[in-house]
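Count residues from 1 along the sequence.
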Amino acid sequence: MGVLLLVGTRKGLFLVRGDDERRSFEVDEPVLPGWQVNHAVADPRDGSLYACANSWVYGGTVQRSTDGGATWTRSEGLGLPEESGLKLASTWHLEPGHASQPGTLWLGGEPGVLFRSDDSGASWQVNEALLGHETRDRWQPGAGGMCLHTILIDPKNHNRIFVAISAAGTFRSDDSGNTWKPINRGLHSEYIPDSAAEVGHCVHRIAMHHSRPNVLFMQKHWDVMRSNDAGDSWHEVSGNLPSDFGFVIDVHAHEPETIYVIPIKSDSEHYPPDGKLRVYRSRSGGNEWEALTKGLPQSDCYVNVLRDAMAVDSLHPCGIYFGTTGGQVYASADSGDSWAPIVRDLPAVLSVEVQTLPS
């Protein structure tokens, strides 16, 4: 049983195949050359590949492959209603729908918009409730634009969806997207007029474990946060991290209290503290963190790891993967205890996803 990594970069999508032991990896020639791939994912329901592909010629769209990446079909007619006064600037993240809803996809884009497809991406409908949300006039673009970059679907309740927008915050729908509730209580952001405002927070990423969808973890612009009540309230779990600024956060596949972050020095210096690339792991759901360094560069490393550039596989032991803006992809086949570079010299890595392959 091997793995397939989908590595989105500024210059196309790379498919990286790992063997059963995740010790040997081969990278294919890039597909979708000329497109900036902000995110790509394999649909576990039918094996289709999807890419959030962006071009200065064609704009933001979704590309689909049903033959393992050999050929691709571009979604047509993806855009925003003229009366909204908004224009789709880019596509950011695609999330396959609930297991009980074959063909349903969710797509996030800039400026803070959400789309749904019920025909595997052949057509898309904008989510009107989020497009016209009463708090939208208080949203502001972050450094990467006002992007809807995270979509989580409750595996136990297909009606419950979480999204995160930079810089607006986190929102939850309990009715399949018909209404949205801001869930940012407990977040504090010094750079907005009201540091505890209902919206306006720059959330970089949220994550959950499939067995406990009410427990959420967040990497914020500053602060690592945790919610035990589906986002109704948050508390900080940054603990002994050397910096609580970063972009990625993810959860171990089999241990719901084990989480991973990669600290970045600051919001103005986007590289690891002291130039040492370290993943930090907490086995207690936050506050107590250990540095994972074996196999990672411990000097002169000045790369960034962006919000969608970490992935976790479902094998035993759990595999962890991340990519950097320097074009490296690192893998750990032992839950983070040791690391090895599996690809070098790619264009800047924007996203990493992993699919477990059948034996």
Participant: For the backbone of Val237 and the side chain of Trp289, can you confirm whether one donor and one acceptor N or O come within less than 3.5 Å of each other?
Facilitator: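 Judged by distance alone, yes, a pair lies under 3.5 Å.
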Participant: Checking side chain to side chain contact (heavy atoms under 4.5 Å, CB included) for the pair Val41/His39: CA distance, chi angles, key distance, verdict?
Facilitator: CA-CA 7 Å; Val41 65; His39 181 239; 3.9 Å; yes
Participant: Could you give the distance from CD1 (Ile161) to NE2 (His98), rounded to the nearest 0.5 Å?
Facilitator: 10.5 Å
Participant: When rounded to the nearest 0.5 angstrom, what distance separates CD in Gln63 from CH2 in Trp35?
Facilitator: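 Interatomic distance, Gln63 CD to Trp35 CH2, rounded to 0.5 Å: 5.0 Å.
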Participant: Under a 3.5 Å threshold, yes or no: a donor from one side chain and an acceptor from the other, between Arg160 and Asn214?
Facilitator: yes
Participant: Nearest heavy-atom pair of Thr9 and Gly12: which atoms, and what distance?
Facilitator: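 Distance-wise, the nearest heavy atoms are OG1-O, 2.8 Å.
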Participant: Side chains of His201 and Lys220: closer than 4.5 Å at any heavy-atom pair?
Facilitator: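 A side-chain contact under 4.5 Å exists here.
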Participant: Between Gly231 and Trp234, what is the shortest heavy-atom contact and its length?
Facilitator: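 Shortest heavy-atom separation between Gly231 and Trp234 comes out as O-NE1, 3.3 Å.
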Participant: Should the pair Glu198-Arg138 be classified as a salt bridge under the 4.0 Å nitrogen-to-oxygen rule?
Facilitator: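 Between Arg138 and Glu198 there is a salt bridge, with a charged N closer than 4.0 Å to a carboxylate O.
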Participant: Could you tell me the separation between the CD1 atom of Ile165 and the CH2 atom of Trp92, rounded to the nearest 0.5 Å?
Facilitator: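 Atom-to-atom, Ile165:CD1 and Trp92:CH2 are 13.0 Å apart.
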Participant: With heavy-atom distances below 4.5 Å as the criterion, would you say the side chains of Arg226 and Met218 are in contact?
Facilitator: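 A side-chain contact under 4.5 Å is absent here.
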Participant: So that I can tick it off, tell me whether Glu26 and Arg17 are bridged by a salt bridge, with the cut-off set at under 4.0 angstrom between side-chain N and carboxylate O.
Facilitator: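 Judged by the 4.0 Å cut-off on N to carboxylate O distance, Arg17 and Glu26 do not form a salt bridge.
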Participant: Taking His209 for its side chain and Ala253 for its backbone only, find out whether a donor-acceptor pair lies under 3.5 Å.
Facilitator: yes
Participant: Ignoring hydrogens and angles, tell me if any N or O in the side chain of His252 forms a donor-acceptor pair with the backbone of His254 under 3.5 Å.
Facilitator: yes
Participant: Determine, stepwise, if the pair Phe115 / Leu78 fulfils side chain to side chain contact (heavy atoms under 4.5 Å, CB included).
Facilitator: CA-CA 9 Å; Phe115 298 88; Leu78 184 62; 3.8 Å; yes
Participant: Does Val303 belong to the same Ile/Leu/Val/Met/Phe/Trp/Tyr cluster as Leu346, with side-chain heavy atoms less than 4.5 Å apart forming each link?
Facilitator: no
Participant: Can you name the closest pair of heavy atoms from Ser48 and Thr66 and give their distance?
Facilitator: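 In this case the closest contact between Ser48 and Thr66 is OG-CG2, 3.8 Å.
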Participant: For Glu95 and His93, test the side chains for any donor-to-acceptor distance below 3.5 angstrom and give the result as yes or no.
Facilitator: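 Side chains of Glu95 and His93: pair found under 3.5 Å.
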Participant: Is it the case that Tyr330 and Gln328 place a side-chain donor and acceptor less than 3.5 Å from each other?
Facilitator: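 Tyr330 vs Gln328: no donor-acceptor pair found between side chains.
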Participant: Establish whether Met310 and Phe217 are linked, either directly or via other cluster members, by ILVMFWY side-chain heavy-atom contacts under 4.5 Å.
Facilitator: no
Participant: Treating Thr356 as the side-chain partner and Val3 as the backbone partner, does any N or O pair qualify as donor plus acceptor under 3.5 Å?
Facilitator: no
Participant: Can Lys181 and Asp174 be counted as an ion pair, charged N to O under 4.0 angstrom?
Facilitator: no
Participant: Are there over 12 heavy-atom neighbours, none belonging to Glu128, within less than 6.0 Å of that residue's CD?
Facilitator: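 Enclosed.
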Participant: How would you list, by chain and number, every residue that makes a ring-ring contact (aromatic ring centres under 6.0 Å, His included) with Tyr50, sequence neighbours excluded?
Facilitator: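 By the ring-ring contact (aromatic ring centres under 6.0 Å, His included) rule, Tyr50 matches no residue at all.
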Participant: Nearest 0.5 Å please: distance from the CD atom of Gln140 over to the OH atom of Tyr191.
Facilitator: 11.5 Å
Participant: State yes or no: do Leu88 and Leu107 share one hydrophobic cluster built from I, L, V, M, F, W and Y residues joined by side-chain heavy-atom distances below 4.5 Å, directly or via other members?
Facilitator: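 Yes, same cluster.
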Participant: Quiz question: by atom type and distance under 3.5 Å, do the side chains of Thr61 and Arg74 form a donor-acceptor pair?
Facilitator: no
Participant: How far does CG of Leu350 sit from CG of Leu13, to the nearest 0.5 angstrom?
Facilitator: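 That separation rounds to 10.5 Å.
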Participant: Looking at Asp345, I'd like to know if its CG atom is crowded, meaning that more than 12 non-hydrogen atoms belonging to other residues, nucleotides or ligands lie closer than 6.0 Å.
Facilitator: no
Participant: Please check this pair: side chain of Thr91 against backbone of Val62, looking for a donor-acceptor N/O pair closer than 3.5 Å.
Facilitator: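 The answer is no, because no donor-acceptor pair under 3.5 Å joins these two groups.
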Participant: State plainly whether the residues Asp229 and Arg172 are in salt-bridge range, i.e. N to O under 4.0 Å.
Facilitator: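 No.
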Participant: Assess the side chains of Asn127 and Trp180: does a donor N or O sit below 3.5 Å from an acceptor N or O?
Facilitator: yes
Participant: For the hydrophobic clusters of this structure (ILVMFWY residues joined by side-chain heavy atoms under 4.5 Å, transitively), does one cluster hold both Leu148 and Leu306?
Facilitator: no
Participant: We want to know whether Ser238 and Asp223 form a side-chain donor-acceptor pair, criterion being a heavy-atom distance below 3.5 angstrom.
Facilitator: no
Participant: Can you tell me if Trp124 uses its side chain to pair, donor with acceptor, with the backbone of Glu76 under 3.5 Å?
Facilitator: no
Participant: Judged by atom type as modelled, is there a donor-acceptor pair below 3.5 Å linking the side chain of Arg45 to the main-chain atoms of Thr104?
Facilitator: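 Yes, the answer is positive, given that a donor and an acceptor are paired below the 3.5 Å cut-off.
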Participant: Hey, are Arg212 and Asp154 close enough for a salt bridge, meaning a charged N less than 4.0 Å from a carboxylate O?
Facilitator: no
Participant: With a 6.0 Å cut-off on ring centres, are His204 and Phe245 close enough?
Facilitator: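 Ring-ring flag for His204/Phe245: true, centres closer than 6.0 Å.
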Participant: By the definition side chain to side chain contact (heavy atoms under 4.5 Å, CB included), identify the one residue from Val305, Asn304, Ile262 that meets it with Phe247.
Facilitator: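 Going through the options one by one, the only one that passes is Asn304.
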Participant: Answer yes when Arg283 and Glu255 have at least one side-chain N-carboxylate O distance shorter than 4.0 Å, and no when they do not.
Facilitator: yes
Participant: Are side-chain heavy atoms of Ser173 and Phe162 found at a separation under 4.5 Å?
Facilitator: no
Participant: For Leu131 and Pro81, work out which heavy atoms get closest and say how close.
Facilitator: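 In terms of heavy atoms, the two residues are closest at CD2-CG, 3.9 Å.
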Participant: Do Tyr321 and Leu315 land in one hydrophobic cluster if side-chain heavy atoms of ILVMFWY residues count as linked below 4.5 Å?
Facilitator: yes
Participant: Under the side-chain hydrogen bond (donor to acceptor under 3.5 Å, both in side chains) rule, what do Ser176 and Asn159 come out as? Steps first, then yes or no, please.
Facilitator: CA-CA 4 Å; Ser176 296; Asn159 290 314; 2.6 Å; yes
Participant: For Trp222, does its backbone N or O pair with a side-chain atom of Asp244 as donor and acceptor, under 3.5 Å?
Facilitator: no
Participant: Between His221 and Asp267, is there a side-chain donor-acceptor contact under 3.5 Å, judged purely by atom types and distance?
Facilitator: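 Judged by distance alone, the side chains do pair up.
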Participant: If every non-hydrogen atom of Cys202 is compared with every non-hydrogen atom of Ser166, which pair is closest and at what distance?
Facilitator: SG-OG, 3.1 Å
Participant: Are Tyr260 and Val248 packed together at the side-chain level, in the sense that at least one heavy-atom pair is separated by less than 4.5 angstrom?
Facilitator: no
Participant: With side chain to side chain contact (heavy atoms under 4.5 Å, CB included) as the test, would you mind laying out the steps for Lys265 and Ser243 before giving the verdict?
Facilitator: CA-CA 6 Å; Lys265 184 176 181 182; Ser243 168; 5.7 Å; no
Participant: Is there a side chain to side chain contact (heavy atoms under 4.5 Å, CB included) between Ser351 and Val349 once you walk through the steps?
Facilitator: CA-CA 6 Å; Ser351 68; Val349 174; over 6 Å; no
Participant: So do the side chains of Gln298 and Arg278 get within less than 4.5 Å of each other, counting heavy atoms only?
Facilitator: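 Yes, side chains in contact.
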Participant: Where the side chain of Asn184 meets the backbone of Thr170, is there a donor-acceptor pair that is under 3.5 Å apart?
Facilitator: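 Side chain of Asn184 to backbone of Thr170: a pair is present.
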Participant: Which heavy atom of Arg136 sits nearest a heavy atom of Pro111, and at what distance?
Facilitator: NH1-O, 3.0 Å
Participant: Once rounded to the nearest 0.5 Å, what's the spacing between atom CG of Leu5 and atom CD of Gln355?
Facilitator: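 These two atoms lie 10.5 Å from each other.
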Participant: What I'd like to find out is whether the side chain of Leu49 reaches to under 4.5 Å of the side chain of Leu6, using heavy atoms alone.
Facilitator: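 Yes, their side chains come closer than 4.5 Å.
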Participant: Do Phe322 and Val352 come close enough that some side-chain heavy atom pair is under 4.5 Å?
Facilitator: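 Side-chain contact under 4.5 Å: no.
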Participant: For the backbone of Thr179 and the side chain of Asp175, can you confirm whether one donor and one acceptor N or O come within less than 3.5 Å of each other?
Facilitator: yes
Participant: Quick one: does Val251's side chain get under 4.5 Å of Val312's, heavy atoms only?
Facilitator: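 Val251 does not reach Val312 side chain to side chain.
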